[in-house]
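Contents: one structure, followed by commentary.
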Amino acid sequence: MRLRHKPWANDFITEHSQYAISNPEQYKGKWHEIFGNHNPIHIEVGTGKGQFLAGMSKQNPDINYIGIELFDSVIVAAVQKAVDLQLENFKLLNVNAKDLSEYFDGNEIHRVYLNFSDPWPKVRHAKRRLTYKDFLSLYEKILIKGGEIHFKTDNQGLFEYSLISFSEYGLQLKYLSLDLHNSDFEGNIMTEYEEKFSGKGQRIYRVEAKYMNEDI
Ligand SMILES: C[S@@+](CC[C@H](N)C(=O)[O-])C[C@H]1O[C@@H](n2cnc3c(N)ncnc32)[C@H](O)[C@@H]1O
């Protein structure tokens, strides 16, 4: 489903179409053509203003990164980072994550990052959480076998919910941290929200969840 852009955001996104891909369904199964290589592809769902993914792209030139963001008014900041840093391994899609399988084929994605996803604290909104079982099923469809979700949040309620959701889905949990910034985890790249919340003294939770669907 196509999203409608605000005119100013539309102009900006159109002007930088080498970073903000306007017709992603056309590349389903052939994202290597866009990147010009067959390197692994990692996506961040709900990438916001893109600080995390821009940092990862710069740090890991042999991995291709795609940011998925619903709001055009937010994604322009991420596009600006790609332009400023001239990142060839960083693309952005202004789409809704619920439609991911329209844009990516099975086995096309190597890793999904979820950073500071909206918590949707009301029980009746649980289906909107990006770690709800339907989203886990969607990620499984586009990930390689044994693919992983790497998840960070400041929100204890969302973290606890997500650990249960991952476990109930049969994902294996690894490297669980209840206080990332006071752990021995190396190479953490902060997101915009992470800077904001950790700056206020809030602790950051992190976990990796692996799909146990590899052929034996
Ligand atoms: C709380 S912000 C966090 C942004 C960024 N990851 C960070 O940590 O700074 C969550 C972002 O996820 C985006 N988002 C929420 N649901 C989404 C969906 N279904 N598809 C794409 N983006 C979504 C929101 O628009 C918002 O920009």
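Counting starts at 1 for both ligands and their atoms, following the listed order. Source: prediction; values computed, not measured.
An N or O contact shorter than 3.5 Å is missing between Lys98 and ligand 1 by distance. Backbone and side-chain nitrogen or oxygen atoms of Phe135 are examined, and none is located within less than 3.5 angstrom of a nitrogen or oxygen of ligand 1. Of the N or O atoms in Phe116, none lie within a sub-3.5 Å distance of an N or O in ligand 1. In terms of N/O distances under 3.5 Å, ligand 1 is not approached by Ser117. Any N or O atom pair closer than 3.5 Å counts here, and Asn115 shares at least one such pair with ligand 1. Considering both main-chain and side-chain atoms, Phe71 never comes within under 3.5 Å of ligand 1 through any nitrogen or oxygen pair.
Remark: Lys196 is positioned above the aromatic ring of Tyr193, its terminal NZ or CZ atom under 6.0 angstrom from the ring centre and at most 45 degrees off the axis.
For ligand 1 and Asn96, the ligand atoms under 4.0 Å from any heavy atom of the residue are 18 (C), 19 (N), 20 (N). Which parts of ligand 1 touch Glu44 is read off a 4.0 Å heavy-atom cut-off, strictly below it: atoms 6 (N). Atoms of ligand 1 lying under 4.0 Å from at least one heavy atom of Gly48, given by number and element, are 4 (C), 27 (O).
Taking the six-membered ring for Trp and the full ring otherwise, the centers of Phe185 and Tyr175 sit at least 6.0 Å from each other.
Using a 4.0 angstrom heavy-atom cutoff, Val95 counts as in contact with ligand 1. Remark: distances from the non-hydrogen atoms of Lys49 to ligand 1 are all 4.0 Å or more. Ligand 1 has at least one atom lying under 4.0 Å from a heavy atom of Glu69.
In terms of protein heavy atoms, atom 16 (N) of ligand 1 is closest to Asp118 OD2, 4.2 Å. Nearest protein neighbour of atom 5 (C) of ligand 1, counting heavy atoms only, is Gly46 O, 3.6 Å. Looking at atom 17 (C) of ligand 1, its nearest protein heavy atom turns out to be Leu70 CD2, 4.0 Å. The nearest protein atom to atom 9 (O) of ligand 1, hydrogens excluded, is given as Tyr193 N, 3.0 Å; this is a heavy-atom distance. Shortest contact from atom 8 (O) of ligand 1 to any protein heavy atom: Thr191 OG1, 2.7 Å. Scanning the protein for heavy atoms near atom 20 (N) of ligand 1, the closest one is Ala97 N, 2.9 Å.
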*Given Lys152 and Glu44, is the salt bridge (Lys or Arg N to Asp or Glu O under 4.0 Å) satisfied, shown in steps?*
CA-CA 11 Å; Lys152 289 196 280 189; Glu44 183 186 17; over 6 Å; no
Run the side-chain hydrogen bond (donor to acceptor under 3.5 Å, both in side chains) test on Gln172 and Tyr211 for me, step by step, so that the C-alpha distance in whole Å, both residues' side-chain angles and the decisive distance to 0.1 Å come before the verdict.
CA-CA 7 Å; Gln172 183 189 53; Tyr211 286 89; over 6 Å; no
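Between Lys98 and Glu102, no side-chain nitrogen of the basic residue sits less than 4.0 Å from a carboxylate oxygen of the acidic one, so the salt-bridge criterion is not met.
Environment of NZ in Lys210: crowded, with over 12 heavy atoms of neighbouring residues, nucleotides or ligands closer than 6.0 Å.
Under the side chain to side chain contact (heavy atoms under 4.5 Å, CB included) criterion, Glu88 pairs with no residue at all, not counting sequence neighbours. Phe35 meets the ring pair (Phe, Tyr, Trp, His ring centres under 6.0 Å) test with no other residue; sequence neighbours excluded.
Contacts with ligand 1 closer than 4.0 Å are made by no heavy atom of Arg128, backbone or side chain. With a 4.0 Å cut-off on non-hydrogen atoms, Thr47 touches ligand 1 through its backbone and not its side chain.
In terms of heavy-atom proximity, Leu130 sits nearest to Ala97 at CD2-CB, 4.3 Å.
Using a distance-only test at 3.5 Å, with no hydrogens or angles considered, no donor-acceptor pair links the side chain of Glu69 to the main chain of Asn94.
Residue Tyr65 is tested with Asn89, Asn39, Asn60 for a side-chain hydrogen bond (donor to acceptor under 3.5 Å, both in side chains); the sole match is Asn60. Here the options are Gln202, His181, Arg206, the test is side-chain hydrogen bond (donor to acceptor under 3.5 Å, both in side chains), and the partner is Glu194; only His181 passes.
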